[in-house]
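Position 1 is the first residue of the sequence; numbering continues from there. Just so it is clear, the structure is predicted and the values come from calculations on it, not from any experiment.
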Amino acid sequence: MVKERKQSFANSSVILFFIMMVGNAFNYFFQIVMGRLLSTAEYGTLNTLLSVLTVAGTPSLIIASVSAAFTTKHIARGEQDKLSAVFHYTLKLATACAAAIFLVGFIFSGFFCSLLDIECTPLLIAILAAAVTCITPAFSGALQGAKRFAEYGLQGDIVAFVKLAGGVVLVLCGIRVVGPVLSSACGSVAALLFSAYCLRGAHIFEPGGSLDAAEISEIKRFASKAMLIQIISTVLQNGDVLIIKAYTSAEQAGVYSSGAVIAKIALYVSGAVTAVLYPLVGEASERREDTRPLLSRALLYGAGPAVLYCIVLNLFGNKLIGLFFGERYLAAADLLLPTCALVLSVTLLVIELNYFLALNRTHLFAATVLFGCAVIVVLVSVLQPPVPQMLYTMSSVLALVFLVNLLAAYKRKDAAA
């Protein structure tokens, strides 16, 4: 059983990695094309808006986590009749979250426009796009929970392709900064339709049994924990752009974004690993098996290639930035080493995050990461160092947070069967 589990983890990770790399290629080609079509300031503003879209769309990740976790749970227990009830409940939850995102974003739009120094209309469009993207994970999460990793990966490819194609067309038509944001929302709608088609034979759309009060209460507790964890995950992966935009200029944010886009390819390696890790850890936990070997392999499969990639990037990054983005962005080459340090810290934390979330054991992780983020904000606000020092500060604090949680994961007695 253990040998089969290891083989399943490795095979699923490899398959999903190659499928997701297609979407990653579209995402990076999108960044390259936008960097060349837009001015440096416009490119910096666009990446700020995309970060806002991602952060505001954090509830979509919660929906995905709930859908995947409880789909996995009922499949592991052989309770196929409850899959439809889980899907319909998460779909209602997704609709409510979408409405809340737009309402809260609209109310506080003036504050965020002032904080980020951008116009309100593009920001509101980004918030609307975030609300639209909140519905799709009810479908894609069901695919992940059922361990249908090929279809799960393909729906991500669809999002990336539509964002790229639509973004290029809209920018060429004169809708420069807002166009790519709108195309991201269109990509989510296309992925929703694809996921729904893939699930058509799974009977989850049919009216079925209802969830009892105990399970609804369990879902709510899980969602409340997942909300905090996914906010943390989103901030970890997008907070660097927001911090640099807040404490520097749009031009500097644009230059940094060009290097960060290339460096964050490492995160997509871990993305395939965590997508596989999540349901496998959940299944092993339901069976009361030791989950720590899964964490060890996830760290190896995710961080190992990321380290190698960062080494190669620092050797040839100057040429890559010049080739993909042009001479306007060559200054980003000087930021590659601190950027890679930050990316590696985030990669490790994201793997840990998904491990603890799958175990429904997130209190220590959430508390330590929040404390670390608070320390980062205080240090950057008080010292206001140059961008390289900002990045080293962030990476150092997050690396310490990772080590604390790693020790906690391996020392807990209940982690073993």
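Of the residues L337, L320, I321, T339, the one that meets the side chain to side chain contact (heavy atoms under 4.5 Å, CB included) test with L313 is L320. Here the options are D240, N27, N24, the test is side chain to side chain donor-acceptor pair (under 3.5 Å), and the partner is K264; only D240 passes. Of the residues listed (T54, I125, I118), the one engaging L49 in a side chain to side chain contact (heavy atoms under 4.5 Å, CB included) is I118, and it is the only one.
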- request: Begin from the C-alpha positions of R292 and S296 and carry the test side chain to side chain donor-acceptor pair (under 3.5 Å) through to its verdict.
  value: CA-CA 6 Å; R292 291 174 296 184; S296 299; over 6 Å; no
- request: Apply side-chain contact (heavy atoms from CB on, under 4.5 Å) to I243 and I376, showing your working.
  value: CA-CA 10 Å; I243 287 177; I376 289 171; 4.3 Å; yes
task: Just do the side-chain contact (heavy atoms from CB on, under 4.5 Å) check on Y89 and V66 with the steps written out, would you?
output: CA-CA 10 Å; Y89 186 85; V66 170; 5.7 Å; no
task: Mind running side-chain contact (heavy atoms from CB on, under 4.5 Å) on I244 and L391 for me, showing each step along the way?
output: CA-CA 9 Å; I244 290 173; L391 296 171; 4.2 Å; yes
query: side-chain contact (heavy atoms from CB on, under 4.5 Å) between V52 and F112: does it pass, once the steps are laid out?
result: CA-CA 10 Å; V52 169; F112 290 113; over 6 Å; no
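Atom CD of Q389 has more than 12 neighbouring heavy atoms from other residues, nucleotides or ligands inside a 6.0 Å radius. Open room surrounds CZ on F161; 12 or fewer heavy atoms of other groups in view lie less than 6.0 Å from it. Atom OH of Y28 has more than 12 neighbouring heavy atoms from other residues, nucleotides or ligands inside a 6.0 Å radius.
A donor-acceptor pair is defined here as one N or O able to donate and one able to accept, closer than 3.5 Å; such a pair exists between the side chain of R176 and the backbone of L37. Judged by distance alone, with hydrogens and angles left aside, the side-chain atoms of T133 form a donor-acceptor pair with the main-chain N or O of A130 at under 3.5 Å. S60 places no side-chain N or O within donor-acceptor distance of the main-chain N or O of C134, the cut-off being under 3.5 Å. For the pair S217 (side chain) and A213 (backbone), a donor-acceptor distance under 3.5 Å is absent. Under a 3.5 Å cut-off, the side chain of S67 and the backbone N or O of A142 do form a donor-acceptor pair.
A side-chain donor from one of T291 and Y355 sits under 3.5 Å from a side-chain acceptor of the other.
The distance from atom CE of M394 to atom SG of C373, rounded to the nearest 0.5 Å, is 10.5 Å. F316 contributes atom CZ, which lies 13.5 Å from atom CG of L323 (distance to the nearest 0.5 angstrom). Atom CD1 in I63 sits 3.5 Å away from atom CG in L93 (nearest 0.5 Å). For the atom pair CG of L53 and CG of L123, the computed distance is 10.5 Å after rounding to the nearest 0.5 Å. Annotation: the span from I19 atom CD1 to F149 atom CZ amounts to 10.5 Å, rounded to 0.5 Å. A distance of 6.5 Å separates CD of E151 from CZ of F194, quoted to the nearest 0.5 Å.
What you find for L170 and L182 is that their closest heavy atoms are CD1-CB, 4.3 Å. When every heavy atom of T72 is checked against every heavy atom of G145, the shortest pair comes out as OG1-O, 3.0 Å. Listed here is the closest heavy atom pair of S109 and C120: O-SG, 4.2 Å. Between I135 and A98 the shortest heavy-atom distance is CD1-CB, 4.1 Å. For the pair L242 and S51, the tightest heavy-atom approach, listed with the atom from each and the gap, is CD2-CB, 3.8 Å. Between A191 and Q155, the shortest heavy-atom contact is CB-O, 3.5 Å.
Residues T90 and F70 fail the side-chain proximity criterion, which asks for heavy atoms closer than 4.5 Å. Inter-residue side-chain proximity for L143 and F139 is flagged as unmet; no heavy-atom pair is nearer than 4.5 Å. Counting heavy atoms from C-beta outward, P388 and L335 have side chains that approach closer than 4.5 Å. Residues C340 and Y309 have side chains not in contact (no heavy-atom distance under 4.5 Å, counting atoms from C-beta outward). Looking at heavy atoms from C-beta onward, V181 lies in side-chain contact with L46 at the 4.5 angstrom threshold. Using a 4.5 Å heavy-atom cutoff, the side chains of Y256 and N47 are not in contact.
Relative orientation of the F365 and F356 rings is tilted, given thresholds of 30° and 60° on the angle between their planes.
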Going by atom type alone, with no hydrogens or angles, which donor-acceptor pairs under 3.5 Å involve a side-chain atom of residues 343-353 and a protein atom two or more places apart or on another chain?
from: S345; atom 1: OG; to: A341; atom 2: O; distance (Å): 3.2
from: S345; atom 1: OG; to: S395; atom 2: O; distance (Å): 3.1
from: T347; atom 1: OG1; to: V343; atom 2: O; distance (Å): 2.8
from: E352; atom 1: OE2; to: L406; atom 2: N; distance (Å): 3.0

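Legend: residues meeting salt bridge (Lys or Arg N to Asp or Glu O under 4.0 Å) with K163, ordered by chain and number and at least two apart, are absent.
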